[in-house]
Amino acid sequence: MSKVVLVVAAHSDDEALGCAGTLAKHVESGDIVHLFFLTDGIGARLGSDEDKNNRVIATEISANALGVESYDFAEFPDNQMDSVPLLDIVKCIESKIKSIEPDIIYTHHGGDLNVDHRLTQQAVLTASRPQPWNKVKEIYAFEVLSSTEWQTLNEPPFLPNVFVDISPFIDKKRESLSAYKEEMRDPPHSRSIENTINLSKYRGNTVGVAYAEAFVLLRYIK
Ligand SMILES: [Zn+2]
C-alpha cells in the first residue's frame with residue numbers, strides 16, 4: 001500500500017543533500033512525496049527577487065528529477081528562524097501535516113550547526129507529537145553536509161541507525177544536487193556534489209552496498 005511521505009526542511013537543497021535517493025526510491029515504489037521548506041533559503045544573504053526565483057526554479061528541477069508530488073515554501077526568515085516564536089513554526093508545520101496527512105516524515109538532525117535545521121527538527125517533533133489523531137508513524141533525521149558534520153560536541157552527534165540502499169538511484173541524487181548548482185561548492189569544500197556522492201558511497205559501504213543515505217530514526221510506531 002502506498003504511503004504519504006513529507007519532507008520538512010529549512011531550505012530547498014537540504015532534501016537533495018539529505019535524502020534525494022531515498023525520495024526517488026519512495027516514488028519508484030508508488031509512494032507520494034511532498035516537500036515543505038520553511039524558508040526561501042535566500043533571505044540572510046540579502047538576495048534579490050531574481051535570486052529567489054532562481055531558487056524556486058532549482059527546486060522545481062530537483063522535484064521533477066525525483067518525481068515528487070508537490071513542493072511548498074513557508075516564509076520564515078532564512079538563517080534567522082530563531083528570531084520567530086517556535087510556536088509559529090510548530091503551527092505552520094501542524095497545518096501542513098493536517099493537509100498532507102503523512103505516514104512518514106523526513107527532517108533535520110537536531111544537532112546540526114545551522115540554527116534553522118535545529119529548530120526545524122524541534123518544531124517537527126512538536127507538530128507530530130503522537131496523539132490519537134496523528135497519522136505520522138515514522139520520523140527520520142537526515143544529514144546535510146556543511147552543517148551536520150561541522151557541529152562540535154556542543155550538540156548531539158549524528159549517529160545513524162537506518163541506512164537506505166540508494167544504489168539504483170544515485171544518478172537521481174546527482175541530478176537533484178545538480179539542480180542546486182548555485183548552492184554547491186567546488187571540492188574540497190564539504191558541500192560539493194563530489195563529496196555528497198562520496199558520503200553516499202561511505203554510508204553505503206558501511207552496510208555493504210554501493211550507495212546509501214543514512215538516517216537517525218526518531219520515532220517508529222508499528
Ligand atoms: Zn539547510
Side-chain angles (χ1 to χ4, degrees), residues 5-23 33-47 51-52 54-63 65-66 68 71-84 86 88-90 92-93 96 105-125 127 139-152 154-158 160 173-174 176-185 189-193 195-197 199-200 203 213-216 218:
V5 176
L6 175 64
V7 177
V8 183
H11 320 105
S12 64
D13 81 348
D14 291 329
E15 88 289 8
L17 289 155
C19 58
T22 301
L23 299 180
V33 177
H34 301 273
L35 310 177
F36 188 38
F37 304 109
L38 297 181
T39 79
D40 61 16
I42 295 290
R45 283 173 275 163
L46 302 175
D51 289 334
K52 289 183 185 177
N54 287 340
R55 193 64 173 264
V56 173
I57 290 167
T59 308
E60 168 98 20
I61 294 170
S62 169
L66 302 178
V68 308
Y71 63 88
D72 193 10
F73 294 85
E75 294 188 337
F76 294 107
D78 179 53
N79 272 303
Q80 300 174 62
M81 281 177 57
D82 53 339
S83 68
V84 299
L86 182 64
D88 290 356
I89 306 169
V90 170
C92 176
I93 297 171
K96 177 57 75 174
I105 292 181
Y106 292 95
T107 191
H108 289 284
H109 173 55
D112 276 11
L113 186 60
N114 187 287
V115 66
D116 293 349
H117 292 186
R118 294 200 302 274
L119 287 169
T120 296
Q121 195 207 81
Q122 196 176 345
V124 164
L125 290 177
I139 307 176
Y140 301 91
F142 50 71
E143 57 186 329
V144 173
L145 283 168
S146 77
S147 186
T148 309
E149 84 289 11
W150 280 357
Q151 183 56 276
T152 65
N154 292 329
E155 300 286 343
F158 184 82
K173 184 173 178 87
R174 197 188 299 273
S176 172
L177 291 164
S178 299
Y180 294 108
K181 54 184 184 297
E182 296 298 323
E183 312 309 318
M184 297 299 139
R185 300 289 176 265
H189 194 286
S190 184
R191 198 177 64 251
S192 67
I193 292 178
N195 194 40
T196 311
I197 300 300
L199 178 64
S200 296
R203 293 305 190 191
E213 284 168 338
F215 302 89
V216 174
L218 299 175

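Predicted model, so just to flag it, every value in this text is computed and none were measured. Note that these values count all heavy atoms, side chains included, but never hydrogens, waters or copies made by symmetry. Order of listing sets the numbers, starting from 1, for every ligand and every atom in it.
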Problem set entry | Min side-chain heavy-atom separation Met81-Leu38 under 4.5 Å | yes
For this session: Would you check if the Zn ion (ligand 1) lies under 2.8 Å from any N, O or S atom of Asp14?
Result: yes
Exercise. Quick one: do Lys173 and Glu213 make a salt bridge, cutoff under 4.0 Å?
Worked result: yes
Exercise. What's the atom name of the N, O or S in His11 nearest to the Zn ion (ligand 1)?
Worked result: ND1
Exercise. Does His117 put an N, O or S atom under 2.8 Å from the Zn ion (ligand 1)?
Worked result: yes
For this session: Verify the distance criterion only: is there a donor paired with an acceptor across the side chains of Glu149 and Ser190 at less than 3.5 Å?
Result: yes
Problem set entry | Arg55/Asp13 ion pair, N-O < 4.0 Å | yes
